[in-house]
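Right, one structure below, let's go through it.
Scope of the values below: all heavy atoms of this structure, side chains included, with no hydrogens, waters or symmetry mates.
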Amino acid sequence: MEQRHLGRTGLRVSRIGLGTLTWGRDTDEHDAADLLKAFWEAGGTLVDTADVYGDGEAEYLLGQLIEGLVPRRDLVISTKAGSVPDPDRRFDGSRGHLLAALDASLARLGTDYVDLWHIHAFDPFTPLEETLQALDLAVSSGRARYAGVSNYCGWQLAKAATWQLAAPGTRTRLASTQLEYSLLQRGVEREVLPAALDLGIGLLPSSPLGRGVLTGKYRHGTPADSRGASEHMGLFVAPYLDETATRIVDAVTIAADGLAVTPLQVALAWVRDRPGVAAPIVGARNAQQLTAALSVEALSLPDEICRALDDVSAPLHRYPDHDWSTL
């Protein structure tokens with residue numbers, strides 16, 4: 001698998017990442033082992049997790065598989081901290097919480113360091129410089145090799161990145177930002193992606209297949225064994241089962257038929273090759289689904305197909321996102 005630099009850093013990652021959102025909940029240890037082995041054998045390196053996935057079970061499972069199944073040195077392990085199971089405070093970006101969460105993650109993973117550590121979301125109740133200092137301490141102590149943020153909007157990302165760049169050699173440059181990005185969700189193109197490109201931050205798209213909808217599996221109803229039919233994932237899929245999504249999925253299916261490939265391959269290739277994207281994170285439930293996603297490695301979409309998909313999925317961007325003089 002092709003390797004790409006993560007933003008303006010020396011860290012290289014596989015251009016498809018393996019997500020572990022369902023590990024320890026819907027994905028058991030046997031399926032997790034099959035996924036990790038298939039990913040590694042295909043040349044994949046970037047494995048993404050978080051301390052809240054499966055209430056910590058995702059990290060624990062990954063830790064059990066490191067070395068016994070896949071050498072630690074062959075993986076770029078990314079995890080996140082900052083989300084908390086508190087209805088009154090969903091995110092905790094305090095220095096104390098973040099560093100304690102990182103230590104707990106390392107214990108579950110069974111490793112001395114993570115290659116990439118993300119702040120899971122912006123905490124409006126903690127001064128940003130305090131949150132970012134946790135990144136600096138994690139890197140300077142060797143517990144994290146690189147650092148980034150997740151689910152930051154445009155101004156939050158720009159503020160965080162420029163704060164870090166203001167004291168080079170003392171503060172840790174942001175390597176990456178992780179947000180949802182697909183043909184069904186192009187909101188990052190308004191402000192986040194331009195900021196990331198300008199500041200040299202690599203984008204790691206989550207849900208690059210539109211929460212599974214872009215595979216076409218929901219075109220004629222909701223399969224009983226799908227996430228859309230799941231009690232705890234149904235609400236996650238539901239927003240992308242509207243008329244707008246149907247129009248986009250139909251276009252993806254037409255493109256796939258014309259190229260003699262699958263809708264999954266078309267949708268994943270589109271987001272993988274967007275400017276600023278380092279590696280989409282694919283959350284397959286089993287090795288068969290992952291193998292289907294990894295088969296996109298040999299596919300590059302023709303320019304005319306990309307333009308057609310761009311047009312049918314184009315979000316409405318007006319003032320002040322575009323040059324005001326053209327409005």
Side-chain angles (χ1 to χ4, degrees), residues 5-13 17 19-20 45-53 55-56 58-60 62-63 66 72-73 75-84 89-152 156-179 196 199-204 206 278-279 281:
H5 282 280
L6 185 60
R8 207 169 293 159
T9 73
L11 178 63
R12 287 164 60 83
V13 298
T20 63
T45 61
L46 176 62
V47 182
D48 179 75
T49 189
D51 62 349
V52 293
Y53 291 175
D55 294 325
E59 288 182 329
Y60 178 76
L62 180 57
I66 295 173
R72 171 67 180 90
R73 64 179 180 274
L75 298 178
V76 175
I77 296 177
S78 167
T79 195
K80 297 179 281 292
S83 288
V84 292
R89 184 180 185 179
R90 292 185 59 201
F91 310 114
D92 188 345
S94 66
R95 181 173 56 244
H97 170 77
L98 292 173
L99 293 175
L102 175 58
D103 289 340
S105 288
L106 294 176
R108 285 189 292 269
L109 289 165
T111 184
D112 295 330
Y113 69 95
V114 290
D115 300 277
L116 182 60
W117 189 44
H118 288 100
I119 305 300
H120 209 152
F122 184 83
D123 175 10
F125 303 109
T126 299
L128 182 59
E129 57 269 30
E130 178 183 336
T131 296
L132 295 174
Q133 189 182 39
L135 296 180
D136 301 333
L137 290 169
V139 172
S140 63
S141 66
R143 287 177 281 178
R145 298 289 170 84
Y146 294 87
V149 296
S150 174
N151 298 307
Y152 274 40
Q156 294 164 351
L157 175 65
K159 184 177 181 181
T162 52
W163 175 267
Q164 295 302 91
L165 292 171
T170 303
R171 299 175 190 160
T172 301
R173 167 190 282 272
L174 296 186
S176 56
T177 183
Q178 186 174 142
L179 297 100
L199 293 161
I201 298 170
L203 178 62
L204 299 173
S206 58
I281 307 298

Is the count of non-hydrogen atoms from other residues, nucleotides or ligands lying under 6.0 Å from [X] atom [atom1] greater than 12?
X   : atom1 : result
D55 : CG    : no
F91 : CZ    : yes
R89 : CZ    : yes

Side chains of [X] and [Y], heavy atoms from C-beta outward: is any pair under 4.5 Å?
X    : Y    : value
Y152 : K159 : no
L46  : I281 : yes
H120 : V52  : yes
V149 : Q156 : no

Do you know which of L157, L203, L204 makes side-chain contact (heavy atoms from CB on, under 4.5 Å) with L179?
-> L203

If you draw the axis of the six-membered ring of W117, does the NZ or CZ of R143 fall within 45° of it and under 6.0 Å from the ring centre?
-> no

To the nearest 0.5 Å, tell me how far [X] [atom1] sits from [Y] [atom2].
X    : Y    : atom1 : atom2 : answer
L116 : I77  : CG    : CD1   : 11.0 Å
L106 : D51  : CG    : CG    : 11.0 Å
L137 : L98  : CG    : CG    : 10.5 Å
S141 : Y113 : OG    : OH    : 14.0 Å
L199 : R8   : CG    : CZ    : 7.5 Å
T131 : R95  : OG1   : CZ    : 9.5 Å

Any side-chain donor near an acceptor of the partner, [X] and [Y], under 3.5 Å:
X    : Y    : result
Q164 : D136 : yes
H118 : S150 : no
Q178 : S206 : no

Tell me the closest heavy-atom pair linking [X] and [Y], and the distance in Å.
X    : Y    : value
A161 : I201 : CB-CD1, 3.6 Å
A175 : T9   : CB-CG2, 3.7 Å
G148 : L174 : CA-CD2, 4.3 Å
S94  : D123 : N-OD2, 4.2 Å
A138 : L99  : N-CD2, 4.4 Å
D92  : H97  : O-CD2, 3.2 Å

Derivation of the side-chain contact (heavy atoms from CB on, under 4.5 Å) call for L132 and W163 | CA-CA 9 Å; L132 295 174; W163 175 267; 3.4 Å; yes

List the steps, then state whether side chain to side chain donor-acceptor pair (under 3.5 Å) holds for E59 with T49.
-> CA-CA 7 Å; E59 288 182 329; T49 189; 5.1 Å; no

